[in-house]
Amino acid sequence: MTGPAGLPPLLIATSNQGKLREILAILDGVPFELRTLADFPAIDAPEETGRTFADNARLKALYYAERAGLPAVADDSGIEIDALDNAPGVHSARWHGTDYPTKFAAIYRELAARGLTTSPARFVAHVALADRGRIVAETTGVIRGEIAPQPRGTHGFGYDPIFYYPPYGCTLAEVDGARKAAVSHRGQAFTALRARLLSTLGASPPSKQA
Ligand code: ITT
């Protein structure tokens, strides 16, 4: 199967517009016709029942590849805060709701309950590519930082305003997309996937589905 440009299709299977922006920038120029879930409005999001980022990335990639009939790549990611026993982790998207100021307030409250104002933390991303019922590639990335004393910055999305990255001396919401991608969990995972797409997977495209 090839797309309009004669390239094999690849579905970027995320409903998160912040993730999508970052992924499309990193995969720019790969020899695939990149599709998004906007092309498949009838496909509902699956329930993310996995206990790990890897479980959920595989579950989402297999689910979307099957429903769309195309190779699909999924990202499962989140923030793990040391002092909160690695919460919110795989529950990052819906932990204390979906409003980020409310989520940030919950983090500061839970830190304060432990007599803390900050904690080491990390973002983790696990990326899985599924094709015809199989996982054909997986990559991961981790970035270590700490919880900022208060939210700062307007770039990025999600927890970026409270993720202070010491080598930059600011939060990830205070840098542009390229500087974030150069060091981020998603930047690492999708840069590795990009290399796979350009070498083995690109040379022998994974799509031949009916
Ligand atoms: P999809 O499953 O459709 O991809 P989602 O947002 O539900 O979208 P996840 O289940 O993987 O995806 O949850 C990831 C959450 O982790 C995300 O919604 C943010 O709250 C947080 N997160 C992940 N990467 C982040 C980043 O780079 N910056 C800030 N927050 C991030």
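Ligands are counted one by one from 1 in listed order, and the atoms in each one are counted from 1 as well.
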Go through ligand 1 atom by atom and flag the ones less than 4.0 Å from a non-hydrogen atom of [X].
{"X": "Gly158", "value": "29 (C), 30 (N)"}
{"X": "Asp75", "value": "4 (O), 11 (O)"}
{"X": "Lys60", "value": "1 (P), 2 (O), 4 (O), 9 (P), 10 (O), 11 (O), 12 (O)"}
{"X": "His185", "value": "24 (N), 25 (C), 26 (C), 27 (O)"}

- Short question: side chain of Glu174, backbone of Thr171 - any donor-acceptor pair under 3.5 Å? yes
- Any donor-acceptor pair under 3.5 Å from Tyr159 side chain to Ser92 backbone: yes
[atom] [closest protein heavy-atom partner, distance rounded to 0.1 Å]:
{"atom": "atom 4 (O) of ligand 1", "result": "Thr14 OG1, 2.6 Å"}
{"atom": "atom 20 (O) of ligand 1", "result": "Tyr100 OH, 2.6 Å"}
{"atom": "atom 27 (O) of ligand 1", "result": "Lys180 NZ, 2.7 Å"}
{"atom": "atom 23 (C) of ligand 1", "result": "Ser77 OG, 3.2 Å"}
{"atom": "atom 24 (N) of ligand 1", "result": "Arg186 NH2, 2.9 Å"}
{"atom": "atom 11 (O) of ligand 1", "result": "Lys19 NZ, 2.9 Å"}
{"atom": "atom 10 (O) of ligand 1", "result": "Glu48 OE1, 2.9 Å"}
{"atom": "atom 7 (O) of ligand 1", "result": "Arg94 NH2, 3.5 Å"}

- For the pair Asp82 and Arg122, evaluate salt bridge (Lys or Arg N to Asp or Glu O under 4.0 Å) and give the outcome as yes or no after the intermediate values. CA-CA 8 Å; Asp82 286 18; Arg122 65 202 154 272; 2.8 Å; yes
- Determine, for Tyr100 and Lys103, whether the Lys NZ or Arg CZ falls below 6.0 Å from the six-membered ring centre while staying within 45 degrees of the axis. yes
- Message: Both conditions, 6.0 Å and 45 degrees, for the charged tip of Arg67 above the ring of Phe40: are they met here?
- Response: no
- Query: Between Phe123 and His185, does the ring centroid distance fall short of 6.0 Å?
  - Reply: yes
Closest to [atom] among [options] (heavy-atom distance):
{"atom": "atom 6 (O) of ligand 1", "options": "Asn16, Leu59, Val124, Leu172", "result": "Asn16"}
{"atom": "atom 30 (N) of ligand 1", "options": "Tyr159, Phe163, Phe53", "result": "Tyr159"}
{"atom": "atom 28 (N) of ligand 1", "options": "Leu20, Asp160, Asn56", "result": "Asp160"}

- Is there a nitrogen or oxygen of Asp76 sitting under 3.5 Å from a nitrogen or oxygen of ligand 1? yes
- Message: If I apply the N/O under 3.5 Å rule, does Lys103 come out as touching ligand 1?
- Response: no
- State, to 0.1 Å, how close Gly187 and Ile26 come at their nearest heavy-atom pair, and which atoms those are. CA-CD1, 3.8 Å
- Message: Between Asp55 and Arg51, does any side-chain N to carboxylate O distance fall below 4.0 Å?
- Response: no
- Message: With the threshold set at under 4.0 angstrom, would you say Gly156 reaches ligand 1 through any of its heavy atoms?
- Response: no
- Task: Would you mind listing the cluster partners of Phe157? Hydrophobic ones only (ILVMFWY), side-chain contacts under 4.5 Å, chaining allowed.
- Result: none
- Item | Reported OH-to-CZ distance for the pair Tyr64 and Arg35, which is rounded to 0.5 angstrom | 15.0 Å
- Reference residue Val136; test side-chain contact (heavy atoms from CB on, under 4.5 Å); the match among Arg134, Glu138, Arg132: Arg134
